[in-house]
Amino acid sequence: MTAGTEAHRGGGRWRRAWEAIDERLGLSALAYPVPAHANGIGYILGGITFFGFLILAATGIWLAQFYHSTPATARQSVVYIMNIAPLGDIVRGIHFWVANVVMATVLLHMGRVFATGSYKRPREANWLIGLGLLGVTLGLLFTGTVLKWDQEGFEALAHNVEMGDLLGAFGFWFSADFAVSLPILGRLYMAHIVILPALGVLLLLAHFLLVKRHGISALPAEADTAVDGGPQPSKGGSTFAVHVVRMAGFGLLMLAATTVLTLIWPAGLGPRPVPGVEETKPPWMFLAFYPLEDWFGLSALLWVPVILFGGLALVPFVDRSPYRLRARRRAFIAIGAIVAVALAALALYAFFSVPRAHLQEAM
Ligand code: HEM
């Protein structure tokens with residue numbers, strides 16, 4: 001028997017196994033036409049983010065076996081994870097690094113969707129759902145920072161409690177008085193492992209259903225040619241299976257890279273928190289807001305994100321022309337670039353500035 005026939009038979013076995021599984025689970029219903037460009041890095045960033053969330057869920061479940069969410073024991077349980085729990089230091093490091101990579105890929109994915117005008121009709125709702133996902137991602141990073149209950153986490157929470165006060169009746173959830181039976185750290189832990197992941201799963205389902213419904217957007221040049229009466233953009237070129245295998249490939253690459261990062265730079269843990277002291281700076285994704293707090297006070301941490309999210313939510317409703325090429329959307333591209341550069345410059349400024357105290361009363 002030739003090698004070719006054997007491979008053919010082997011392929012037949014795999015196909016039959018797949019058909020048997022698919023007949024029972026209906027997995028092929030998830031498939032949709034995938035254009036060839038959707039396998040390039042720019043159009044697969046959302047998929048990489050999704051794989052990042054899967055890694056975060058798996059490593060998070062492991063960490064939850066050892067973590068205590070009371071102020072008296074939280075930091076010590078992190079020390080336990082780092083030194084005694086099986087694979088604790090590696091799993092914690094991967095969880096930390098993947099969370100950072102996911103934050104970066106979410107921002108890059110949003111940047112790609114913005115740059116290619118992929119939020120335009122009929123994808124406006126998916127842009128808004130994406131903004132919800134951005135909020136959930138930031139919420140997970142914030143609560144995760146607090147959980148380790150070192151000086152940085154403690155100060156992050158103190159800021160949040162004060163922002164809750166600024167919100168008056170609407171900020172009740174952040175007040176220690178809301179549930180005296182459970183310290184606020186316990187409620188933030190619940191938000192980190194139940195509320196935000198549940199919300200994230202619902203939003204992801206809606207996001208993916210809409211990607212399947214609309215398909216991945218055509219390249220801007222193709223889309224604009226179609227608008228101008230030229231040939232219709234190509235719909236196929238690749239397959240869903242190839243697309244998913246590529247996403248998984250990038251996901252595994254992320255796992256390998258974050259494992260190496262963990263071995264070189266393990267996730268840190270700051271000193272035991274000292275109430276009344278304010279000396280740390282926030283993690284990089286919140287750093288741009290730090291100087292604003294210096295200049296305009298704590299309330300800037302409320303109104304600046306509200307303006308930014310509000311502005312992003314308006315994008316598909318203001319930029320309504322059918323064109324998607326950057327050359328035909330110069331004003332929007334310029335505004336987006338200015339906001340991104342301003343945020344990066346603020347973050348850099350904050351990185352090099354000397355930490356200052358802002359809180360009226362540290363907890
Ligand atoms: C936080 C987690 C997120 C995940 C896991 C995710 C996942 C995905 C995936 C897998 C796709 C298919 C194509 C691609 O990868 O580009 C996609 C498309 C899309 N996403 Fe996201 N996304 C997230 C956040 C966001 C955000 C923050 C926005 C914008 C505010 C957004 C807006 C969109 C839009 C409009 C599309 C359709 C793009 C097109 O057809 O070209 N997503 N997303």
Side-chain angles (χ1 to χ4, degrees), residues 30-57 98-142 196-224 233-235 237-238 240 242-251 254 285 305 308-319 324-326 332 336 339-340:
L30 297 173
Y32 53 84
V34 174
H37 68 263
N39 291 329
I41 184 76
Y43 281 77
I44 218 162
L45 285 162
I48 298 177
T49 307
F50 175 63
F51 268 83
F53 276 122
L54 296 183
I55 299 172
L56 287 172
V98 171
N100 280 280
V101 173
V102 155
M103 186 70 240
T105 56
V106 170
L107 294 176
L108 290 170
H109 170 58
M110 187 171 79
R112 191 286 287 171
V113 171
F114 180 83
T116 55
S118 300
Y119 48 76
K120 296 197 172 198
R121 186 182 166 197
R123 297 185 178 80
E124 300 95 327
N126 221 11
W127 171 262
L128 295 181
I129 292 169
L131 281 184
L133 283 166
L134 176 64
V136 166
T137 312
L138 287 169
L140 284 167
L141 277 149
F142 168 74
L196 290 167
L199 192 60
V201 167
L202 288 178
L203 289 170
L204 273 181
L205 273 177
H207 203 57
F208 290 159
L209 281 176
L210 283 179
V211 170
K212 177 169 161 55
R213 174 88 174 88
H214 299 136
I216 294 171
S217 61
L219 287 171
E222 290 180 331
D224 283 10
S234 54
K235 288 241 165 23
S238 182
F240 184 68
V242 169
H243 191 54
V244 170
V245 168
R246 240 185 125 80
M247 279 187 201
F250 277 115
M254 173 187 347
M285 69 288 310
L308 282 176
F309 266 82
L312 284 169
L314 285 178
V315 164
F317 307 100
V318 179
D319 181 16
R324 295 193 23 225
L325 274 173
R326 283 199 293 278
F332 267 86
V339 172

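Residue numbers run from 1 in the order of the sequence given. As the structure lists them, so they are numbered: ligands from 1, and atoms in each ligand from 1. This one's a predicted model, so the numbers in the text were calculated from it and none came from an experiment.
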Requested in this report: Return yes if some donor-acceptor pair links the side-chain N/O of Trp127 with the main-chain N/O of Phe114 below 3.5 Å, else return no.
Outcome: no

Requested in this report: Drop me the distance from Phe309's CZ to Leu138's CG, to the nearest 0.5 angstrom.
Outcome: 5.5 Å

Table of N or O contacts for ligand 1, cutoff 3.5 Å:
from, atom 1, to, atom 2, distance (Å)
ligand 1, 15 (O), Tyr43, O, 2.9
ligand 1, 15 (O), Gly46, N, 3.1
ligand 1, 16 (O), Tyr43, O, 3.1
ligand 1, 16 (O), Arg112, NH2, 2.8
ligand 1, 20 (N), His109, NE2, 2.9
ligand 1, 20 (N), His207, NE2, 2.8
ligand 1, 22 (N), His109, NE2, 3.0
ligand 1, 22 (N), His207, NE2, 2.9
ligand 1, 40 (O), Arg123, NE, 3.1
ligand 1, 40 (O), Ser217, N, 2.9
ligand 1, 41 (O), Arg112, NH1, 3.0
ligand 1, 41 (O), Arg112, NH2, 3.2
ligand 1, 41 (O), Ser118, OG, 3.4
ligand 1, 41 (O), Ser217, N, 3.4
ligand 1, 41 (O), Ser217, OG, 2.5
ligand 1, 42 (N), His109, NE2, 3.0
ligand 1, 42 (N), His207, NE2, 3.0
ligand 1, 43 (N), His109, NE2, 2.8
ligand 1, 43 (N), His207, NE2, 2.8

Report task. For His243 and Ala31, indicate whether the former's side chain and the latter's backbone hold a donor-acceptor pair under 3.5 Å. Result -> no

Query raised in the report: Ignoring hydrogens and geometry, is there a side-chain-to-backbone donor-acceptor pair from Lys120 to Pro316 under 3.5 Å?
Result: no

Query raised in the report: Taking Arg326 for the side chain and Pro220 for the main chain, is one N or O donor matched with an acceptor at less than 3.5 Å?
Result: no

Requested in this report: Say whether, by atom type as modelled, one donor and one acceptor occur between the side chain of His214 and the main chain of Leu210 under 3.5 angstrom.
Outcome: yes

